[in-house]
Amino acid sequence: MVRRSNMEGLKIYRQADIEKLIIKRDGETKFGENIKFITNLDELKNHPARYVLLGIPEDIGVRANYGKPGAAKAWLAALNSLLNIQANRYNDASNLILLGELVCDGLMKKASYIDKSDPNYNKKLGDLVKQLDLQLSSLIEVIISNGKIPIIIGGGHNNAYGNINGAAKAFKEPVNVINIDAHTDLRQLEHRHSGNGFSYALEDQTLNKYSVFGLHKNYTPEYIFEKMAASENLHYRLLEDLIIDPENTSEHFKKAISEIDDTKFGFELDCDAILNFPSSAQSPSGFTIDQVRSFINQVSKNPRCCYFHICEAAPNQQNPVNVGKALSYFVSDIIRS
């Protein structure tokens, strides 16, 4: 059994909870054998590790946005892979606390009970997303207030709102965000879902500057282009412009960071932006995994980055290992800074 913390909705992991996931070999040390744990959130303040890993096994926000379910499975796929990478001179597991996961079972069960023929189906899912927002925001605030950098594996991109809200509360001022994504997630302020987390953060004034890197022309409504053009704080770089200048993509990303790193900023990675990656809105066009890793490497060296969120990965029975490996690369890349 995993421990429940004194914060509602959080399961705190222990070493015993992951032992069955680690494949041990003589003469080798796996990452999961050295990863760190806490028994209570109060221990964060004095813990020497810099990063805190959190899972959010849900896809309610994706479904509320008319998307394909499956993102709820990404956390376990990532964990299985990450725990079994090698602990060596390049992978320092002592710098990462495996905190645990938000408890999503109850909300997921409630979502499954909602009749899809109900005219208020999506709105009712949105009400569940709001509950998740509150839990995540409170937890992110605690983690950042204790001087740590949360690494969040979702789940849908609806969780960007909780990340931003929690970070802004911790710093007591709005934060900036760079988002590698095929979409802006700046849809209208309707029921909460995975497509309007940034809209709500702007409305609440917890998000200041926002930059989308790799935006797809074909999946961005005109009203969103107009909204971004009208604001000095909203930026984007189109994938179509980047692919005709592939040799300078890294420089373009560096410039995108420079537009938002004048203060603390969050780093969002939506797996929809990755070429042929199993995700909630899988696309035949996008960045390669190696390109994404190079972007992560750039961000990991920036001292103003205050959280890293990986979302929308949707493994199925045919590809959980490859999806898990990709996510574990992203996590190990970010903590190497």
Side-chain angles (χ1 to χ4, degrees), residues 7-10 41 44 52 54 56 58 60-61 64-65 102 126-181 183-213 215 224 227-228 230-236 256-270 299 302-312:
M7 175 170 282
E8 181 184 359
L10 173 65
L41 292 173
L44 286 174
V52 175
L54 172 70
I56 312 177
E58 65 82 36
I60 304 168
N65 192 30
L102 281 187
D127 291 340
L128 299 178
V129 173
K130 287 181 181 179
Q131 295 180 45
L132 187 59
D133 287 342
L134 294 173
Q135 294 176 357
L136 180 57
S137 174
S138 297
L139 182 54
I140 296 300
E141 179 184 4
V142 170
I143 294 171
I144 293 179
S145 294
N146 280 286
K148 306 303 180 189
I149 299 174
I151 300 173
I152 308 105
I153 298 179
H157 218 162
N158 44 289
N159 295 309
Y161 175 79
N163 298 332
I164 296 166
N165 192 272
K169 287 179 178 177
F171 295 121
K172 296 179 172 55
E173 63 179 8
V175 294
N176 299 339
V177 168
I178 186 164
N179 178 25
I180 299 175
D181 203 338
H183 318 96
T184 62
D185 292 340
L186 284 172
R187 290 189 179 276
Q188 296 172 350
L189 295 170
E190 48 192 5
H191 64 275
R192 277 288 288 118
H193 54 66
S194 63
N196 60 17
F198 299 101
S199 302
Y200 274 89
L202 287 170
E203 179 74 7
D204 292 349
Q205 297 184 353
T206 52
L207 173 61
N208 184 28
K209 294 180 181 179
Y210 176 46
S211 178
V212 187
F213 193 77
L215 183 63
I224 289 181
K227 179 177 182 177
M228 298 189 82
S231 173
E232 294 182 354
N233 286 346
L234 302 180
H235 308 275
Y236 64 89
I257 295 176
S258 70
E259 293 169 351
I260 54 92
D261 74 346
D262 56 336
T263 186
K264 292 293 185 179
F265 70 93
F267 177 29
E268 299 272 341
L269 170 59
D270 189 319
V299 176
N302 194 308
R304 294 189 180 90
C305 181
C306 64
Y307 77 76
F308 178 34
H309 180 210
I310 307 168
C311 62
E312 302 280 337

Taking all non-hydrogen atoms of both residues, which atom of [X] and which atom of [Y] are closest, and how far apart?
X      : Y      : value
Ser211 : Ala256 : OG-CB, 4.0 Å
Ala64  : Gly126 : CB-N, 4.2 Å
Cys306 : Gly266 : SG-N, 4.1 Å

Does [Y] offer a backbone N or O that forms a donor-acceptor pair with the side chain of [X] under 3.5 Å?
X      : Y      : answer
Asp270 : Asp181 : no
Asn196 : His191 : yes
Ser199 : Arg187 : yes
Arg192 : Lys130 : no
Ser194 : Asn158 : no
Ser137 : Asp133 : no
His309 : Asn163 : no

Can you tell me how far [atom2] of [Y] sits from [atom1] of [X], rounded to the nearest 0.5 angstrom?
X      : Y      : atom1 : atom2 : value
Phe265 : Cys305 : CZ    : SG    : 4.5 Å
Glu259 : Glu232 : CD    : CD    : 12.0 Å
Tyr307 : Ile144 : OH    : CD1   : 8.0 Å
Ile260 : Arg304 : CD1   : CZ    : 10.0 Å
Leu54  : Ile153 : CG    : CD1   : 9.0 Å
Ile60  : Asp127 : CD1   : CG    : 11.0 Å

Item to complete: Under the side chain to side chain contact (heavy atoms under 4.5 Å, CB included) rule, what do Asn302 and Phe267 come out as? Steps first, then yes or no, please.
Response: CA-CA 11 Å; Asn302 194 308; Phe267 177 29; over 6 Å; no
Are side-chain N/O atoms of [X] and [Y] paired as donor and acceptor at under 3.5 Å?
X      : Y      : value
Asn208 : Asn233 : yes
Asn165 : Tyr200 : no
Asn159 : Glu58  : yes
Asn65  : His157 : no

Discussion item. My understanding is that only one of Met228, Glu268, His183 makes a side chain to side chain contact (heavy atoms under 4.5 Å, CB included) with Val212; could you say which?
Written reply: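 Testing each of Met228, Glu268, His183 against Val212, the sole residue satisfying side chain to side chain contact (heavy atoms under 4.5 Å, CB included) is Met228.
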Test item: [X] and [Y] side chains (from C-beta on) under 4.5 Å apart, heavy atoms:
X      : Y      : answer
Val142 : Asn146 : yes
Phe198 : Asn179 : yes
Leu234 : Thr184 : no

Discussion item. Against Tyr161, only a single residue in Thr206, Asp204, Asp185 fulfils side-chain hydrogen bond (donor to acceptor under 3.5 Å, both in side chains); can you say which?
Written reply: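 Of all the options given, the one that passes is Asp204.
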